[in-house]
Peer 1: 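Quick one: structure below, then a few questions.
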Protein chains: 2
Amino acid sequence: MINELTIVGTGRVAHHLVKAFSENGVCITQVLGRDLSAAKTLAESVNSRGINKVSQLKHTDLIILAVSDDAISSLAIKFPESIPVVHTSGNTPILERLNTAKTGVFYPLQTFTLNTAVNWSEIPICLESNDDTFLKELFHLAEKISRKVKLINSNQRKKLHLAAVITCNFTNHLLALSEDYLNDNNLSIDLLKPLIYQTLDNLEQLNLKDKQTGPALREDYGTIANHLDLLEKHPDTKDLYLALSNHIIKYHHGQ
Amino acid sequence: MINELTIVGTGRVAHHLVKAFSENGVCITQVLGRDLSAAKTLAESVNSRGINKVSQLKHTDLIILAVSDDAISSLAIKFPESIPVVHTSGNTPILERLNTAKTGVFYPLQTFTLNTAVNWSEIPICLESNDDTFLKELFHLAEKISRKVKLINSNQRKKLHLAAVITCNFTNHLLALSEDYLNDNNLSIDLLKPLIYQTLDNLEQLNLKDKQTGPALREDYGTIANHLDLLEKHPDTKDLYLALSNHIIKYHHGQ
């Protein structure tokens with residue numbers, strides 16, 4: 001049974017996890033971070049103990065590494081083999097530890113920004129483990145904060161992560177570019193909201209390829225040329241517009 | 001007063017406009033289309049008259065050209081100068097007609113697909129005219145179907161249209177790519193929905209640049225390289241991934 005756990009990390013994922021566990025009655029006894037003051041601040045928000053050295057770690061049922069991808073493996077080897085360790089990364093394979101040590105992945109498929117609440121009950125939590133009993137315990141733990149717990153292996157998880165980057169990060173970037181462009185021209189992105197929400201509503205019907213509209217789909221090179229003219233002072237965005245339009249044309253018309 | 005109007009075109013915009021006007025008590029007396037059968041079908045859905053020749057046109061208070069951008073100007077000159085003519089295009093300047101002829105733009109800022117209902121009351125309708133009295137009549141007409149009627153000149157409208165393409169068409173394409181990629185790998189885009197909705201929720205807080213997350217923002221070249229490896233069999237999408245990631249890096253870190 002996982003009764004008390006330790007969070008390693010003080011970034012956005014760590015913050016949101018600490019809050020979610022705490023609000024759902026899961027006891028976080030320790031927060032370990034490089035920066036002692038950040039670790040203490042996060043720990044104290046749930047009456048827990050903030051530390052900045054592995055040697056200070058007391059007994060815990062589980063360590064969750066909510067740290068950057070490249071810190072995961074070097075950190076993991078510092079913990080006793082007797083303590084199960086999971087990480088929260090979409091793109092990192094399950095940790096390699098001694099066969100007797102329990103290891104796994106606890107990957108919440110969401111974008112986390114500070115000061116933005118998320119609805120944990122709807123967030124898919126992708127689990128993986130090297131040990132069936134431990135996997136059941138992880139499942140039980142994950143179900144305390146989410147209704148959408150899934151078993152996803154490392155191979156599938158990295159594909160999901162790629163799709164998440166394309167779907168979320170790239171989309172946000174395009175929206176941010178539009179917002180900045182409209183602001184620069186004294187127009188508000190509010191005007192585009194109904195359009196954006198309609199685009200998203202299409203998600204409920206699937207087959208998004210069939211929902212494509214716009215000049216690239218129509219191979220309307222006149223409009224594309226007009227848009228490239230408008231972007232004359234934004235050469236990088238112009239290149240990006242062209243790359244996306246060409247991709248759409250090729251995807252739909254196979255040139 | 002605009003009491004009875006004529007729609008030219010039988011495509012997606014024409015379909016949605018005919019339905020919206022009809023449902024809000026605006027009388028459409030004629031639908032003119034190249035394909036007589038399509039014009040009759042659309043016309044008869046609102047007990048109107050379908051025709052395929054300009055010479056068959058009877059009296060009408062307004063002609064709305066809901067046709068492709070490159071057909072607008074050649075069609076417009078066929079109508080008597082006594083009849084006001086507007087088009088529905090985001091990217092086409094206001095029609096040039098004789099000074100005495102009323103002309104304008106009636107641009108609904110939305111993506112229209114057949115068989116997908118839209119909420120007209122929330123759709124911004126961007127109006128422009130060469131005549132103040134006629135503009136007031138257009139405003140009154142537009143308010144019958146939308147609560148968001150705006151005066152937008154040709155210069156602003158083409159910028160809005162560009163932003164709409166980036167926001168809607170490009171975003172839909174990225175979602176479609178993800179959906180296909182996940183389907184090919186026996187994963188469902190359903191897993192990404194909470195993430196997509198969260199990304200969109202960020203819209204309500206504005207300043208989307210600050211909401212950016214992901215490997216490109218973090219300059220996490222290890223993850224980017226992993227994703228490019230995953231796309232080895234999709235070279236076009238690999239190029240697009242790289243173009244978008246480089247754009248994000250430059251936009252945020254200015255290299």
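Residue numbers begin at 1 in each chain, while the letters A, B, ... track the order of the sequences.
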Peer 1: Using a cut-off of under 4.5 Å for heavy-atom pairs, which of Glu122(A), Lys209(A), Glu179(A) has the most such pairs with chain B?
Peer 2: Glu179(A)
Peer 1: Would you check if the side chain of Ser129(A) reaches a backbone N or O of Thr103(A) as a donor-acceptor pair within less than 3.5 Å?
Peer 2: yes
Peer 1: Does any backbone or side-chain atom of Val118(B) lie under 4.5 Å from a heavy atom of chain A? Answer side chain, backbone, both or neither.
Peer 2: both
Peer 1: Is Gln110(A) in contact with chain B via its backbone, its side chain, both, or neither, using a 4.5 Å heavy-atom distance?
Peer 2: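 The answer is both parts of Gln110(A).
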Peer 1: Compare every heavy atom of Gly9(A) with every heavy atom of Val67(A), then report the nearest pair and how far apart it is.
Peer 2: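 So the two residues come closest at CG1-CA, 4.0 Å.
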Peer 1: Between Thr237(A) and chain B, with a heavy-atom cut-off of 4.5 Å, which part of the residue counts as in contact: side chain, backbone, both or neither?
Peer 2: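 Both backbone and side chain.
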Peer 1: With a 4.5 Å cut-off on side-chain heavy atoms, are Val8(A) and Val85(A) touching?
Peer 2: no
Peer 1: Is the His252(B) ring parallel, tilted or perpendicular to the His173(A) ring (thresholds 30°, 60°)?
Peer 2: tilted
Peer 1: Would the distance check show the side chain of His15(B) and the main-chain N or O of Thr10(B) forming a donor-acceptor pair, the cut-off being under 3.5 Å?
Peer 2: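 Checking the backbone N and O of Thr10(B) against the side chain of His15(B), a donor-acceptor pair under 3.5 Å is found.
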Peer 1: Among Ile166(A), Asp190(A), Asn183(A), which residue has the highest count of heavy-atom pairs closer than 4.5 Å to chain B?
Peer 2: Ile166(A)
Peer 1: Considering only heavy atoms, which portion of Thr116(B) lies under 4.5 Å from any heavy atom of chain A: side chain, backbone, both, or neither?
Peer 2: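 The answer is the side chain of Thr116(B).
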Peer 1: Check each atom of Gln156(B) against the heavy atoms of chain A and say whether the ones under 4.5 Å are side chain, backbone, both or neither.
Peer 2: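 Both backbone and side chain.
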Peer 1: Heavy-atom distance under 4.5 Å to chain A: side chain of Asp220(B), backbone, both or neither?
Peer 2: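 Just the side chain, heavy atoms under 4.5 Å.
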Peer 1: Using non-hydrogen atoms only, which part of Tyr197(B) is less than 4.5 Å away from chain A: side chain, backbone, both, or neither?
Peer 2: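 Side chain only.
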Peer 1: Is the backbone N or O of Asp210(A) less than 3.5 Å from a side-chain atom of Asn207(A), with the two atoms forming a donor-acceptor pair by type?
Peer 2: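 No, Asn207(A) side chain to Asp210(A) backbone: no donor-acceptor pair under 3.5 Å.
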Peer 1: Non-hydrogen atoms of chain A under 4.5 Å away: do they reach the side chain of Thr223(B), the backbone, both or neither?
Peer 2: both
Peer 1: Let me know if Leu182(A) has heavy atoms under 4.5 Å from chain B in its side chain, its backbone, both or neither.
Peer 2: side chain
Peer 1: Kindly assign one of parallel, tilted or perpendicular to the pair Phe106(A) and Phe21(A), based on the angle between their ring planes and the thresholds 30° and 60°.
Peer 2: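 Tilted, since the angle between the ring planes falls between 30° and 60°.
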Peer 1: List the atom of Ile249(A), the atom of Glu219(A), and the distance in Å for their closest heavy-atom pair.
Peer 2: CG2-OE2, 3.7 Å
Peer 1: Is it the side chain or the backbone of Thr92(B) that comes within 4.5 Å of chain A heavy atoms, both, or neither?
Peer 2: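 The answer is neither part of Thr92(B).
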Peer 1: What pair of heavy atoms forms the shortest contact from Phe112(B) to Arg12(B), and how long is it?
Peer 2: O-NH1, 3.0 Å
Peer 1: If you count heavy-atom pairs under 4.5 Å with chain A, which of Asn119(B), Ile123(B), Leu231(B), Val165(B) comes out on top?
Peer 2: Val165(B)
Peer 1: Which atom pair, heavy atoms only, marks the closest approach of Asn185(B) to Lys159(A)?
Peer 2: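 In this case the closest contact between Asn185(B) and Lys159(A) is OD1-NZ, 2.9 Å.
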Peer 1: For the NZ atom on Lys19(A), are there more than 12 heavy atoms of other groups (residues, nucleotides or ligands in this structure) within a distance under 6.0 Å?
Peer 2: no
Peer 1: I need the residue from Thr113(A), Leu203(A), Asp239(A) with the largest number of non-hydrogen atom pairs under 4.5 Å to chain B.
Peer 2: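 Counting heavy-atom pairs under 4.5 Å, the top option is Leu203(A).
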Peer 1: Count the heavy-atom pairs under 4.5 Å between each of Gly214(A), Ser178(A), Ala216(A) and chain B, then report the option with the highest count.
Peer 2: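 So the answer, after comparing Gly214(A), Ser178(A), Ala216(A), is Ser178(A).
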Peer 1: Is there any residue in residues 142-155 of chain B with a non-hydrogen atom under 4.5 Å from a non-hydrogen atom of chain A, and which ones are they?
Peer 2: Lys150(B), Ile152(B)
Peer 1: Sort Leu187(A) into side chain, backbone, both or neither according to what part of it lies under 4.5 angstrom from a heavy atom of chain B.
Peer 2: side chain
Peer 1: Is there a side-chain contact between Asn91(B) and Tyr107(B) (heavy atoms, below 4.5 Å)?
Peer 2: no
Peer 1: Check whether Leu177(A) gets within reach of chain B through its side chain, its backbone, both or neither, counting any heavy atom under 4.5 Å.
Peer 2: both
Peer 1: In terms of heavy-atom proximity below 4.5 Å to chain A, should Tyr241(B) be classed as side chain, backbone, both, or neither?
Peer 2: both
Peer 1: Where on Asn226(A) is there a heavy atom nearer than 4.5 Å to chain B: the side chain, the backbone, both, or neither?
Peer 2: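 Only the side chain of Asn226(A) comes within 4.5 Å of chain B.
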Peer 1: Check each of Val105(B), Leu17(B), Leu65(B) against Thr88(B) using the side chain to side chain contact (heavy atoms under 4.5 Å, CB included) test, and report the only one that passes.
Peer 2: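 Only match with Thr88(B) under side chain to side chain contact (heavy atoms under 4.5 Å, CB included): Leu17(B).
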Peer 1: Ala243(A), Gly222(A), Ala164(A): which one forms the most heavy-atom pairs within less than 4.5 Å of chain B?
Peer 2: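 Among the listed options, the one with the most contacts to chain B is Ala164(A).
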Peer 1: Under a 4.5 Å heavy-atom cut-off, does chain B meet the side chain of Asn172(A), its backbone, both or neither?
Peer 2: both
Peer 1: Please flag which part of Ile248(B) lies under 4.5 Å from any non-hydrogen atom of chain A: side chain, backbone, both or neither.
Peer 2: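 Its backbone and side chain both get close to chain A.
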Peer 1: What part of Ile189(A) gets within 4.5 angstrom of chain B, counting heavy atoms only: side chain, backbone, both, or neither?
Peer 2: side chain
Peer 1: If you count heavy-atom pairs under 4.5 Å between each of Thr167(A), Asn186(A), Asp201(A), Thr171(A) and chain B, which one has the most?
Peer 2: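 So the answer, after comparing Thr167(A), Asn186(A), Asp201(A), Thr171(A), is Thr167(A).
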Peer 1: Side chain, backbone, both or neither: which part of Ser89(B) has a non-hydrogen atom closer than 4.5 Å to chain A?
Peer 2: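 It is neither, since no heavy atom gets under 4.5 Å.
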Peer 1: Between Asp236(B) and chain A, with a heavy-atom cut-off of 4.5 Å, which part of the residue counts as in contact: side chain, backbone, both or neither?
Peer 2: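 For Asp236(B), backbone and side chain are both near chain A.
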Peer 1: Pick one of side chain, backbone, both or neither for Thr213(A), based on which atoms fall under 4.5 Å of a heavy atom in chain B.
Peer 2: both
Peer 1: Are the side chain of His253(A) and the backbone of Leu217(A) linked by a donor-acceptor contact shorter than 3.5 Å?
Peer 2: yes
Peer 1: What's the shortest heavy-atom distance between Pro215(B) and Asn169(A), and which atoms?
Peer 2: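 Distance-wise, the nearest heavy atoms are CD-OD1, 3.6 Å.
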